[in-house]
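Worksheet: the structure to be examined is printed underneath.
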Amino acid sequence: MERFAFLTFDGLANGAVYSAFALALVLIWRAARIVNFAQGAMAVAAAYAAYAVTSATGSYWLGFAAALAGGMALGVLVERGVMRFTSHSAPLNQVIVALGLVLTIQAGLGMLYGNEFRPVGTPFSRDAIDVGGVPLLSQYDVFVFAAVLTIVLLLALLFTKTSTGLRMRAAAFAPEVSRLLGVNVGGMLTLGWALAAGAGAVAAMLVIPTELGLHPHAMDLVFVTSFTAAVIGGLDSPPGAVVGGLLLGLVLSYVSGYLGSSVTPIAAFAALLAVLLARPQGLFAASKARQA
Amino acid sequence: MILQLEGLTAGYGAAPVLRDIHLEVPQGSIVTVLGPNGAGKTTLLRTIAGLLKPTTGRILFDGDDLRGVRVEHLVRRGLALVPEGRGVITELTVEENLRLGGLWRKDSAATMSEVYELFEPLARRNKSMGHQLSGGERQMLAIGRALMARPRLLLLDEPSLGLAPKVTAQIMSLLRQLRDNDGLSVLLVEQNARSALSIADAAVAMSLGRLAETSSGDMRAAYLGS
Amino acid sequence: MELHGIGVRFGGLVALEDVTLTATRGHVLGIIGPNGAGKTTLFNVLCGLIAPSSGSMTLDGKPLKPKPHQLTRLGVARTLQGVGLFPGMTALENVMAGATGSAGFLSALLGLPSSARSERVLRESARARLDEFGIAAYEKAYPATLPYAVGKKVALARALVTRPRYLLLDEPAGGLSEEEIAELATLIRTLRGTCTVLLVEHHMDLVMEVCDEVTVLDFGRVIASGAPQEIRDNPAVADAYLGVAA
Amino acid sequence: SSGGETPGGAKGDSTGVTDTEIVVGTHMPLTGPAAAGYSEIAPATKAYFDHVNASGGVHGRKITYKVMDDGYNPANTQTVVRQLVLQDRVFAILNGLGTPTHTGVLDFLKTNKVPDLFVASGSRTWNQPEKYPHTFGFNTDYTVEGKILGNYIKQSLPGKKVCFFGQDDDFGRDSLLGVEKVLGATAVVSKQKYVTSNTDVAPQVGAMKAAGCEVVVLATIPGFTALSMGTAARLAFKPQWVVSNVGSDHPTLAKQLGNAAPLLEGMVGVSNLPSPADLTDPWTAAFKKIHDQYNGKAPFNGNAVYGLSVGYLFVQALQAAGKDLTREGLLAAVEKNGFKGPGFAPLRYSKTNHSGYGGHRLTKVAAGVQVFFGDVFETDSADGSVNVFGEQRPTPPANTIAS
Amino acid sequence: MRTLLWSVAAAAGLVAATAMLDPFRNYQLATIAAYLCATAGLTVLTGLNGQLSLGHGALMAIGAYTVAFAQKSWDSLYLSLALAVVVTTVAGAVVGLAAARLRGPYLAGATLALAIAVPSITITFQSVFNSEQGLPVFLTPPRTLDIERWQALVAGGAAVLVMWLLANLSRSHLGRRMRAVRDNEVAASLTGVAVSRTQVLAFVISSACAGLGGALMAFLAQSVSPGAFPLTLSLFLLMAVVIGGLGSLAGALWGAVLLVALPDVIHSLTEGMVLKPAMASRLEGNLPLAIFGVTLIIVMLAAPGGLQGLFSRLLKRGHHAPNS
Ligand SMILES: Nc1ncnc2c1ncn2[C@@H]1O[C@H](COP(=O)(O)OP(=O)(O)OP(=O)(O)O)[C@@H](O)[C@H]1O
Ligand SMILES: Nc1ncnc2c1ncn2[C@@H]1O[C@H](COP(=O)(O)OP(=O)(O)OP(=O)(O)O)[C@@H](O)[C@H]1O
Ligand SMILES: [Mg+2]
Ligand SMILES: [Mg+2]
């Protein structure tokens with residue numbers, strides 16, 4: 001029982017960071033209808049900016065701000081510099097460009113910072129609070145939960161309550177019609193990329209301290225897990241990303257704890273398949289489109 | 001003149017689809033364009049709306065040359081297009097589609113209830129996703145959305161497509177009413193020549209990318225054989 | 001073809017309720033009604049795209065539990081409201097897609113002469129159809145570049161290459177000029193006798209001209225049915241559908 | 001592949017050798033997730049060769065070292081090794097890195113009779129003289145290492161509850177085998193495994209804590225050493241860490257842990273090569289000089305010392321093979337052995353043994369510095385006992401080039 | 001008939017080419033051929049049928065391991081390759097059944113998870129698959145041929161066969177059905193196409209090709225290990241078919257060539273540079289990767305239809321020039 005409780009809290013803590021990054025993936029999907037395979041690499045680049053600032057100033061929060069700003073700037077750069085010029089009628093082209101960006105960014109970071117791991121600090125203690133012999137969540141985990149919650153709320157506000165959110169979605173779904181309706185489609189795309197990249201950067205800041213450390217490939221595995229989480233939840237749904245992330249975190253923790261850590265990818269696949277076979281558009285899918 | 005086309009030529013590739021088009025739409029009038037399939041009517045409206053760049057010629061809206069004006073700025077200047085084949089954003093709800101049509105307008109709530117009054121199926125289904133709607137409901141939504149902008153010049157590409165006769169008649173009388181009361185100008189492309197001509201102040205025939213202007217009386221004779 | 005007590009619900013919305021109708025062999029049955037009355041939904045039920053919540057259907061006297069892809073085998077073909085072409089194929093290929101080739105998997109994989117032969121036959125008959133509709137010039141064009149009405153004709157040609165015994169037409173006249181509608185009427189009339197046609201259409205002249213019977217739907221219910229002339233004069237129909245201008 | 005005649009006239013295959021040059025190649029992960037750490041080795045070896053070349057080379061021949069990036073992907077290794085052998089016509093493959101990567105090219109290298117020297121991994125696969133006569137290991141193998149760690153626990157931490165946490169492949173398996181050979185199969189109360197694709201080690205660390213472990217043997221790569229220690233600290237679990245050579249390089253770990261580096265205090269490790277931190281060691285000092293001159297700003301850590309040591313040994317082997325350099329001659333020279341150098345334990349090369357070093361010395365982190373303590377131990381990977389190896393290393397030769 | 005002529009010509013070209021090339025080039029040719037099997041299959045699945053797969057590397061792994069096991073028990077290469085195709089066909093049918101329910105990014109997610117899961121099976125069941133270290137593939141090369149030339153002939157022959165079959169397929173009514181399903185599922189089903197069955201069929205065909213490609217990889221490497229089939233392999237396959245030109249099998253060929261040739265070209269480009277050691281250790285490995293990434297981006301921006309699209313556009317322009 002103690003083991004179960006322990007694994008549950010471990011799973012929730014991990015799940016929260018997956019949720020954070022899954023939210024960034026959901027955001028870009030809603031804003032541009034693409035699965036941004038470069039999101040992980042872009043977020044790592046932002047985390048390096050944070051690393052540079054924190055090393056120079058000694059302040060975690062200045063670094064955090066730098067990651068946010070750097071991430072958003074990179075998002076704008078990628079959209080204005082590259083994505084804007086890819087063919088929108090062929091969605092796979094955008095995927096390939098994103099993969100090209102991954103290679104370029106990772107190689108660039110490798111050239112700038114080398115391949116070794118860099119430590120990334122946390123603003124709060126990661127020591128688990130011990131309750132009755134079971135180590136529960138740490139202050140840092142609580143911070144992560146709060147951050148994820150904040151992002152979800154902001155996203156919900158943006159998309160349901162503001163006209164900018166409506167414009168962003170319209171621009172993503174039907175660029176030409178949106179322009180006819182007076183929506184600045186280019187601007188919306190840029191904004192979407194900036195926000196998504198900013199969210200991704202924040203997620204990276206949350207995730208990387210719980211992983212091996214800062215490294216050009218630091219987000220590779222996180223990307224895969226978070227993408228899986230986002231798909232489980234339904235790519236269109238921010239709450240889905242959170243639920244998907246937590247669910248996946250729990251499954252992986254239990255499987256790792258009871259069956260062995262090598263089984264986790266198989267478990268992730270099984271969990272994903274189980275959800276998708278029951279709900280092909282994820283747990284929080286919107287209503288099914290009418291066919292004819 | 002709210003709209004003047006001077007020597008407009010445009011197309012998709014090497015061969016032009018529109019050839020040397022001259023056309024004027026006076027303020028507060030309804031001009032209808034008739035013509036066989038593939039004549040270039042849709043292309044004409046898309047070019048005016050800025051979706052297609054003319055190779056030569058000028059488009060004057062309110063006397064201003066539209067060259068270099070971005071598509072997304074036209075609707076605020078008062079020019080709205082209802083595209084052929086509806087262009088409803090199917091992943092948004094009916095209400096979101098309508099809201100999008102008049103986002104920047106202060107009076108959009110009032111306009112929305114007018115649209116709902118006009119197209120009462122839309123009111124019933126205001127929370128439905130666009131992709132759930134029937135063909136005719138989508139067409140109503142596309143027209144209603146354009147009305148949300150309260151345009152001064154409305155470009156309509158086959159608005160009667162898929163609509164019940166009663167609704168078509170309603171729309172035609174609405175256009176007439178808006179022209180008379182609000183000074184709306186309309187450039188109307190229709191296959192349903194009868195209803196189009198019933199409200200048109202002027203009519204032009206288009207074939208193979210060229211216009212042949214005639215009086216609407218002649219057109220009526222030509223198209224309706226009466 | 002008979003339908004008994006068909007009902008369809010989408011959440012709280014009643015799209016069809018207790019719809020019963022019979023399509024007499026070789027007749028043209030018009031189905032009209034206001035927008036959102038449930039006409040397309042009715043077709044969707046007939047094609048197996050939507051499972052009705054109540055009711056039953058028969059085809060040629062046998063109970064019909066349709067699966068969309070098996071319809072052509074049963075001799076049923078349908079056009080979609082709108083255009084519904086395959087955007088990645090030329091007009092000719094679109095029409096060919098309607099026909100089922102006779103060659104099997106292996107002969108296709110190995111490129112046997114039988115496969116090539118059946119392809120050639122298909123291509124010729126598809127071409128003949130396009131020619132018949134006077135749109136052979138668009139053979140190599142992709143749907144996005146086709147004028148709306150040409151696209152509709154291609155879709156009709158695609159439905160006809162299977163030589164159906166039942167043809168469901170969902171607004172075939174949309175976007176067509178008066179002249180083309182007249183041609184369409186001629187076409188439908190030539191089908192009469194060999195093929196049972198269900199016609200959903202808002203163009204009343206066409207409906208009046210070609211239909212043997214007409215059924216009117218409103219809010220998912222049959223509010224009238226009978227000969228075209230009766231329907232036109234039915235005040236309920238005029239009120240719900242035709243309006244004053246008709 | 002076709003052999004050539006040496007200029008001197010001796011029979012043999014001298015592919016890749018001219019009067020003025022010897023071309024050797026290697027495969028390493030320079031990019032990708034595995035590049036951390038490992039990518040520092042080849043530049044260090046290259047630096048050593050630059051140093052040798054600057055002093056005239058070996059028998060007048062300069063060494064050209066072609067480093068190919070395989071990203072730790074065995075499929076890439078296949079291609080780049082073929083490119084080295086078939087296209088670039090290298091004389092030998094030196095220090096190819098990684099068990100899964102290098103395993104795949106053994107047969108190819110055998111078919112082409114290419115000397116495959118000093119493979120960079122502690123797998124026992126390299127020691128199969130009958131099956132792979134051209135292949136020689138370098139690292140102390142994981143079982144030997146496990147036995148030496150077990151021996152330390154047996155002698156210095158008797159009666160403590162011992163747990164094992166290892167990588168889920170031959171590294172972890174062989175290491176556990178060694179530990180159990182010494183401590184007995186039932187002595188390890190909790191055996192946990194990880195895979196590199198899953199960075200959440202809390203379940204395993206939690207299980208070891210729950211099992212009441214006092215000593216934890218880690219057969220982990222550096223990233224997972226740091227991760228395990230960090231996770232344990234979060235869970236208020238403070239066992240004695242006893243860590244394999246692969247995962248116990250203090251500078252690497254300290255850098256990765258950053259502010260948490262004090263967690264390393266007291267960690268016991270093993271090493272066979274001098275500590276990069278201990279500049280009083282004559283080999284370290286000599287290597288540092290070369291490193292500073294030829295390897296610029298790269299960090300001088302365990303990987304650098306490793307790479308320099310490989311270079312030193314290879315040059316020793318070339319010297320021993322004589323002026324008329326052939327592949328056959330080189331292999332014979334390595335089998336003849338007698339090499340002494342920076343390593344504490346002996347190299348075990350002989351006609352019947354192609355494994356590398358046969359032992360280790362224990363290290364401990366005290367006051368932030370990793371220092372050696374106790375004797376050098378030596379053993380085999382079978383059931384032989386763990387012995388003290390008393391022989392002293394020589395001091396580096398002049399110019400740090402063997403003659 | 002045309003496809004048969006092409007294939008015979010390609011086979012003849014192959015025999016002639018292998019005789020002229022040196023062993024390393026033959027090995028590269030063989031690698032291209034192995035990739036080509038996989039990319040051609042992926043072109044059918046993604047290009048023709050519109051299903052996205054990020055898991056083809058996993059299917060290749062299944063083929064590769066089958067060959068390793070088969071060769072251990074009977075050492076008859078062709079039989080082993082055939083068995084690999086059979087096994088991956090079955091695997092593809094199972095995956096395809098699930099895939100047929102999924103669309104767009106959801107299918108991408110599922111296949112991505114598959115790409116990660118399959119290699120980890122080798123670790124979980126290490127007594128069978130021997131973990132990361134993998135298994136050797138026993139081969140008895142013919143005495144009369146250089147081993148690399150033999151490899152090129154076998155792999156090349158297999159690739160020609162695959163291309164011939166797939167070319168027939170895509171020109172037949174089956175290919176048209178696949179495209180119909182890709183373009184509009186409802187319209188496809190109304191024209192008599194069984195949508196799910198067609199999707200499963202495409203997945204099965206594509207898997208069989210990927211399995212053969214993987215089997216050939218095992219045959220070339222004489223070993224199999226999970227590390228050779230990482231997620232990046234699946235992503236690179238997708239990249240290859242898109243960069244090559246998704247619409248046609250010729251694109252699959254360009255893609256396969258690119259996968260092998262581009263790293264090689266970049267390597268020789270960067271090898272020539274003389275750098276300071278401090279720079280060198282940072283740039284080594286990373287610089288080629290960066291160039292690779294930038295090349296991908298540039299090709300995608302300059303040729304949205306891939307290389308094949310670019311070529312056919314140029315060709316068309318060439319044809320038109322004299323007339324106009
Ligand atoms: N995107 C495009 N690319 C190339 N050619 C096009 C494109 N769109 C339309 N065309 C061609 O331009 C010509 C005019 O088409 P357009 O759609 O403007 O005709 P239309 O008059 O609106 O016809 P309809 O009444 O049938 O809608 C046609 O020959 C058509 O094939
Ligand atoms: N999948 C669905 N989900 C929710 N509502 C639906 C769905 N399909 C149809 N409806 C609704 O059911 C009603 C009937 O739709 P249907 O498409 O059958 O109308 P129709 O008679 O064909 O109208 P039109 O003449 O405009 O084409 C409409 O109000 C429509 O919005
Ligand atoms: Mg038109
Ligand atoms: Mg309808």
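As the structure is a prediction and not an experimental result, all values here were calculated from the model.
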Quick check: are there more than 12 heavy atoms from other residues, nucleotides or ligands sitting under 6.0 Å from NZ of K191(D)?
-> yes
Is the NZ atom of K110(D) crowded by more than 12 outside heavy atoms at less than 6.0 Å?
-> yes
By a 4.5 Å heavy-atom criterion (distance strictly below it), what part of [X] contacts chain E: side chain, backbone, both, or neither?
| X | result |
| --- | --- |
| M68(D) | side chain |
| S39(D) | neither |
| S123(D) | side chain |
| T79(D) | both |
| V80(D) | neither |

Might you point out which heavy atoms bring Q87(D) and F24(E) nearest each other, and give the distance in Å?
-> OE1-CD2, 3.3 Å
Atom [atom1] in [X], atom [atom2] in [Y]: separation rounded to 0.5 Å?
| X | Y | atom1 | atom2 | result |
| --- | --- | --- | --- | --- |
| H102(D) | Q133(E) | NE2 | CD | 11.5 Å |
| Q83(D) | R25(E) | CD | CZ | 7.0 Å |
| D107(D) | L139(E) | CG | CG | 9.0 Å |
| L86(D) | N26(E) | CG | CG | 10.0 Å |
| E148(E) | R82(D) | CD | CZ | 6.5 Å |
| D69(D) | H267(E) | CG | NE2 | 10.0 Å |

Quick check on [X] against chain D: is it the side chain, the backbone, both or neither that has a heavy atom closer than 4.5 Å?
| X | value |
| --- | --- |
| D22(E) | side chain |
| D146(E) | neither |
| P230(E) | side chain |
| L135(E) | neither |

Who passes side-chain contact (heavy atoms from CB on, under 4.5 Å) against A252(E), sequence neighbours left out?
-> L36(E), T39(E), A40(E), T43(E)
Do the non-hydrogen side-chain atoms of Q78(D) and T31(E) ever get within less than 4.5 Å of each other?
-> no
Would you say the side chains of E132(E) and T99(D) form a donor-acceptor pair under 3.5 Å?
-> no
Which residue out of P263(E), S223(E), G134(E), A221(E) racks up the most heavy-atom pairs below 4.5 Å with chain D?
-> A221(E)
Note: vs chain D, highest number of non-hydrogen pairs under 4.5 angstrom among S225(E), P136(E), G227(E) is G227(E)
